[in-house]
Student: 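Structure in structure tokens, see below.
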Amino acid sequence: MNHSRTPQQFRGFTLEAKFMIASILLTLGVAAISSATDAGWISAFILATGMYAIIAGFAYLTKDKFLFKLLLFGIIAGFVELFADCWLVHSTMTLVYPQNEPMIACSPLYMPFAWAVVLTQVGYLGWLISGHKSLWVSMLATMVLGLLFIPLFEHWAFGAEWWYYRDTPMIFNTPYYIIAAEGLICLVLPFFFKVQSHKKFSLAAIFGIIQGFWIWAAYTVSFMILG
């Protein structure tokens, strides 16, 4: 498969697109079941690392360089995001993780992989939209997807006992500032993905670093306004 093309060349429902949409449905299904069964942190670890491995496996089998770039982008953003997590836990004191699980910095060990999967999945949908609509339309559409998709995931995380929030205005166990921030986080993904589609892996790494700090900035601004 040749993945040096731009999203404008995506006019059909490709194998890659089918796989990514299926991965989103599977992720949502596992999160919902975990929430309904109070599954605990082990289910989050399996979901995050397992889904990352599944996407990587598909990319390897299909020689899909574009998905590899997205996974690199996502995992680097996920590790940089650990700074934002520490800020949420210790500075805002609104985010609480269970302490009976493996941790990295202030976050569960699986958290960089969880971010990598979510950014890849939501951003991929926005990237597909950018093949048919203007970049600004796809960015706004992806922001809306983030406003809907990630807060739902946050709600299920509460039920699954993965993490929870406190001492901040909320709806369905998700703070207002988290909802706003995650819309902003997803807003920029179509731009990054569109540029990465025909550039080198090094640019994916640089964009991952920028995305990680953008996550922190989005949380900070949203918390100052809504927290």
Side-chain angles (χ1 to χ4, degrees), residues 1 3-28 31 48 51-52 54-56 58-59 64-78 80-81 84 112-154 174 178-199 201 203-219 221-222:
M1 296 176 67
H3 290 276
S4 63
R5 63 197 186 287
T6 64
Q8 281 77 6
Q9 293 169 284
F10 274 107
R11 296 300 179 185
F13 199 46
T14 65
L15 176 63
E16 181 186 77
K18 291 177 182 178
F19 169 79
M20 289 303 297
I21 291 171
S23 77
I24 292 170
L25 295 175
L26 178 59
T27 300
L28 292 174
M51 186 54 64
Y52 190 90
I54 288 171
I55 297 173
F58 176 85
D64 194 327
K65 292 183 180 180
F66 179 55
L67 281 186
F68 274 129
K69 291 176 187 177
L70 300 189
L71 290 172
L72 176 62
F73 164 86
I75 197 66
I76 291 177
V80 175
E81 188 276 338
F113 294 94
W115 270 106
V117 169
V118 169
L119 293 174
T120 299
Q121 291 174 334
V122 176
Y124 187 89
L125 291 179
W127 180 74
L128 284 181
I129 295 170
S130 74
H132 303 273
K133 303 293 183 180
S134 69
L135 180 59
W136 284 109
V137 170
S138 66
M139 290 175 71
L140 291 174
T142 309
M143 181 179 72
V144 172
L145 288 172
L147 290 170
L148 297 174
F149 178 82
I150 300 181
L152 180 62
F153 202 83
E154 296 273 5
T174 305
I178 290 291
I179 296 173
E182 290 173 346
L184 292 174
I185 289 165
C186 294
L187 173 69
V188 299
L189 292 176
F191 170 76
F192 286 151
F193 283 27
K194 188 171 185 177
V195 175
Q196 288 179 70
S197 65
H198 55 281
K199 297 294 183 179
F201 280 87
L203 187 62
I206 293 170
F207 280 169
I209 295 171
I210 295 171
Q211 178 70 39
F213 283 111
W214 172 243
I215 293 172
W216 192 354
Y219 282 143
V221 171
S222 297

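Note that the structure is a prediction, hence the values are computed from the model and not measured.
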Student: To the closest 0.5 Å, what do you measure between CD (Glu81) and CZ (Phe213)?
Tutor: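 Separation between the atoms: 11.5 Å.
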Student: I need the minimum non-hydrogen distance between Ala116 and Tyr52, along with the two atoms involved.
Tutor: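 For Ala116 versus Tyr52, the nearest heavy atoms are CB-CE1, 3.6 Å.
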Student: Of all heavy-atom pairs between Gly146 and Cys186, which one has the smallest distance, and what is that distance?
Tutor: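 Heavy atoms of Gly146 and Cys186 come nearest at CA-SG, 3.6 Å.
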Student: Gly126 and Ser138: which non-hydrogen atoms are nearest, and at how many Å?
Tutor: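 So the minimum-distance heavy-atom pair works out to O-CB, 3.6 Å.
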Student: Who pairs with Ala205 by side-chain contact (heavy atoms from CB on, under 4.5 Å), at least two apart in sequence or on another chain?
Tutor: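 Here the qualifying residues are Leu72, Ile76.
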Student: With rounding to the nearest 0.5 angstrom, report the CD to CD1 distance, Glu182 to Ile215.
Tutor: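 Separation between the atoms: 9.0 Å.
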Student: Show the numbers, then the answer: is there a side-chain contact (heavy atoms from CB on, under 4.5 Å) between Ser23 and Ile54?
Tutor: CA-CA 9 Å; Ser23 77; Ile54 288 171; 5.9 Å; no
Student: Minimum heavy-atom separation for Ile129 and Ala141, please, with both atom names.
Tutor: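 Smallest interatomic distance, heavy atoms only, reads CD1-CB, 3.8 Å.
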Student: Holding to side-chain contact (heavy atoms from CB on, under 4.5 Å), I want the full list of residues that pass it with Ile24, two or more places apart in sequence or in another chain.
Tutor: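 Ile24: side-chain contact (heavy atoms from CB on, under 4.5 Å) contacts with Leu28, Gln121, Leu125, Phe149.
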Student: Decide yes or no on side-chain contact (heavy atoms from CB on, under 4.5 Å) for Phe191 and Thr142, but give the supporting numbers first.
Tutor: CA-CA 10 Å; Phe191 170 76; Thr142 309; over 6 Å; no
Student: Run Tyr124 and Phe19 through side-chain contact (heavy atoms from CB on, under 4.5 Å) and show every step you take.
Tutor: CA-CA 11 Å; Tyr124 187 89; Phe19 169 79; over 6 Å; no
Student: Who passes side-chain hydrogen bond (donor to acceptor under 3.5 Å, both in side chains) against Gln211, sequence neighbours left out?
Tutor: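 Gln211 satisfies side-chain hydrogen bond (donor to acceptor under 3.5 Å, both in side chains) with no other residue.
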Student: Would you compute the distance between atom CD1 of Ile21 and atom CD of Glu16 and round it to the nearest 0.5 angstrom?
Tutor: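 Answer rounded to 0.5 Å: 10.5 Å.
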Student: Please answer whether the main-chain N or O of Leu189 pairs with a side-chain N or O of Trp127 as donor and acceptor at a distance below 3.5 Å.
Tutor: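 Not at all, since once roles are kept as given, no pair shorter than 3.5 Å links the two residues.
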Student: Sequence neighbours excluded, which residues qualify as ring-ring contact (aromatic ring centres under 6.0 Å, His included) partners of Phe153?
Tutor: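 For Phe153 the ring-ring contact (aromatic ring centres under 6.0 Å, His included) partners, ignoring immediate neighbours, are Trp162.
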Student: To the nearest 0.5 Å, how far apart are CG in Leu71 and CZ in Phe58?
Tutor: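 Rounded to the nearest 0.5 Å, the CG-CZ separation comes to 11.5 Å.
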Student: Run the side-chain contact (heavy atoms from CB on, under 4.5 Å) test against Ile210 and tell me which residues pass, sequence neighbours left out.
Tutor: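 Here the qualifying residues are Phe192, Ile206, Phe207.
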Student: Mind listing the closest non-hydrogen atom pair of Leu147 and Gly183 along with its distance?
Tutor: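 Minimum heavy-atom separation between Leu147 and Gly183: CD2-CA, 3.8 Å.
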Student: Testing the basics here: between Phe193 and Leu119, what is the closest heavy-atom pair and its distance to 0.1 Å?
Tutor: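 Closest approach of Phe193 to Leu119, heavy atoms only: CZ-O, 3.4 Å.
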Student: Taking atom NZ of Lys65 and atom CG of Leu70, what is their separation to the nearest 0.5 Å?
Tutor: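 It is 14.5 Å, given to the nearest 0.5 Å.
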Student: Distance from Ile185 atom CD1 to Trp214 atom CH2, nearest 0.5 Å?
Tutor: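 Reported to 0.5 Å precision, the distance equals 9.0 Å.
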Student: Who passes side-chain contact (heavy atoms from CB on, under 4.5 Å) against Ala59, sequence neighbours left out?
Tutor: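 Expected list: Asp64, Leu67, Phe68.
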Student: Going through the checks in order, is the side-chain contact (heavy atoms from CB on, under 4.5 Å) test met by Phe73 and Thr120?
Tutor: CA-CA 8 Å; Phe73 164 86; Thr120 299; 5.7 Å; no
